[in-house]
> 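After the structure tokens below, expect a handful of questions from me.
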Amino acid sequence: MSRVQLALRVADLQAAVDFYQRLFDAPPAKRRPGYANFAIDQPPLKLVLLENPGQGGTLNHLGVEVADADAVDAEQARLAQAGLAAVDERDTTCCYARQDKFWVTGSPGGERWEIYTVLADSATFWGQDDEQRWDAVQAELDAPAGQPTQCCGGPQVSGQDEAASSGVCCG
């Protein structure tokens, strides 16, 4: 299985769920506070909705969901040979799922692309006790080549809660 992922920021999660449920004639595959995703067979699509009141209607990121960690490894090797850099995240928790993934850097329009597989469901949006943060990955994606940065698995910044950070996450 492989399918494209589209992650959207939406101002009103319930209105978006209602719309996409009618559009694709399917209920959400996962629904949590501020978050929903649809796993559509036709067309093969993983649609992720991230509630972001007052700032909806924008693209969060794109991705390709693959069958397993071996497929993640194969895609990472293929893209490295094609000259596309990657930011690796293995055994990470994001969007209520434990994942192996990497982020592709260098898209001409600045879009964020991830290649990932879901290893297991998670009770939390971020890692255990919500200790992981998207802004650490984003800093690494934005850093000049070769400049070390903190990975996503680092500690959450004090004063930033899940609701504030969940509007900018992954798949």
> Where is the tightest heavy-atom contact between A7 and L50, given as atom of each residue plus distance?
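Scanning both residues completely, I find the closest heavy atoms to be CB-CD1, 4.4 Å.
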> Taking atom OG1 of T92 and atom CG of D100, what is their separation to the nearest 0.5 Å?
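Spacing of OG1 (T92) from CG (D100) equals 9.0 Å.
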> Say you draw a straight line from OG of S2 to CD of E65; how long is it, rounded to the nearest 0.5 Å?
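Rounded to the nearest 0.5 Å, the OG-CD separation comes to 8.5 Å.
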> Please tell me if the side chains of Y35 and E51 come closer than 4.5 Å, counting only heavy atoms from C-beta onward.
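No. Closest side-chain heavy atoms not under 4.5 Å.
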> Less than 3.5 Å apart, which donor and acceptor atoms pair up between the side chains of residues 76-85 and the rest of the protein, not counting sequence neighbours?
{"unit_1": "Q76", "atom_1": "OE1", "unit_2": "R90", "atom_2": "NH2", "d": "2.6"}
{"unit_1": "Q76", "atom_1": "NE2", "unit_2": "D88", "atom_2": "OD1", "d": "3.3"}
{"unit_1": "R78", "atom_1": "NE", "unit_2": "E75", "atom_2": "OE1", "d": "3.2"}
{"unit_1": "R78", "atom_1": "NH2", "unit_2": "E75", "atom_2": "OE1", "d": "2.9"}

> Rounded to the nearest 0.5 Å, what's the gap from OG on S107 to CH2 on W113? Could you check?
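Those atoms lie 9.0 Å apart.
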> What I'd like to find out is whether the side chain of V10 reaches to under 4.5 Å of the side chain of N52, using heavy atoms alone.
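No; the side chains remain at least 4.5 Å from each other.
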> With a 4.5 Å heavy-atom cut-off, do Y116 and V64 have their side chains touching?
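No, their side chains stay 4.5 Å or more apart.
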> Tell me the closest heavy-atom pair linking T93 and S122, and the distance in Å.
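Smallest heavy-atom distance, with atoms named: CG2-OG, 3.3 Å.
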> Going by side-chain contact (heavy atoms from CB on, under 4.5 Å), L47 matches just one of N37, L8, L23. Which one?
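Exactly one pass, corresponding to L8.
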> Linking I/L/V/M/F/W/Y whenever their side-chain heavy atoms sit closer than 4.5 Å, directly or via other members, would V4 and V66 fall into one cluster?
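Each belongs to a different hydrophobic cluster.
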> Yes or no on side chain to side chain contact (heavy atoms under 4.5 Å, CB included) for F102 and E89, after CA distance, side-chain angles and deciding distance?
CA-CA 5 Å; F102 67 94; E89 280 191 276; over 6 Å; no
> If you measure from CH2 on W103 to CZ on R112, what distance do you get to the nearest 0.5 Å?
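Rounded to the nearest 0.5 Å, the CH2-CZ separation comes out at 8.0 Å.
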> Indicate if L119 and V72 have the same hydrophobic cluster label, given that clusters are the connected sets of ILVMFWY residues with side-chain heavy-atom separations under 4.5 angstrom.
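No.
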> Could you tell me whether the side chains of E114 and Q5 share a donor-acceptor contact shorter than 3.5 Å?
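Q5 and E114 do have a side-chain donor-acceptor pair below 3.5 Å.
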> For a side chain to side chain contact (heavy atoms under 4.5 Å, CB included) check, start with the C-alpha distance between V48 and N60, then their side-chain angles and the critical distance, and finish with the verdict.
CA-CA 9 Å; V48 175; N60 185 283; over 6 Å; no
> To the closest 0.5 Å, what do you measure between OG1 (T58) and CZ (R9)?
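Going from OG1 on T58 over to CZ on R9, the span is 4.0 Å.
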> Taking NZ, NE, NH1 and NH2 as the nitrogens, is one of them in R98 or D121 under 4.0 Å from a carboxylate oxygen of the other?
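No, R98 and D121 are not salt-bridged.
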> With a cut-off of 3.5 Å and sequence neighbours excluded, list every side-chain donor-acceptor pair involving residues 11-21.
{"unit_1": "D12", "atom_1": "OD1", "unit_2": "Q14", "atom_2": "N", "d": "3.1"}
{"unit_1": "D12", "atom_1": "OD1", "unit_2": "A15", "atom_2": "N", "d": "3.0"}
{"unit_1": "Q14", "atom_1": "OE1", "unit_2": "R31", "atom_2": "NH1", "d": "3.3"}
{"unit_1": "Q14", "atom_1": "OE1", "unit_2": "R31", "atom_2": "NH2", "d": "3.0"}
{"unit_1": "Q14", "atom_1": "NE2", "unit_2": "D18", "atom_2": "OD1", "d": "2.7"}

> Closest approach of C94 and Q99, non-hydrogen atoms and distance?
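The pair with the smallest heavy-atom distance is O-NE2, 3.3 Å.
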> What residues, two or more places apart in sequence or in another chain, satisfy side-chain contact (heavy atoms from CB on, under 4.5 Å) together with A26?
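Listed in chain order: I40.
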> Compare all side-chain heavy atoms of Y96 with those of V118 and state whether any distance is below 4.5 angstrom.
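No, their side chains stay 4.5 Å or more apart.
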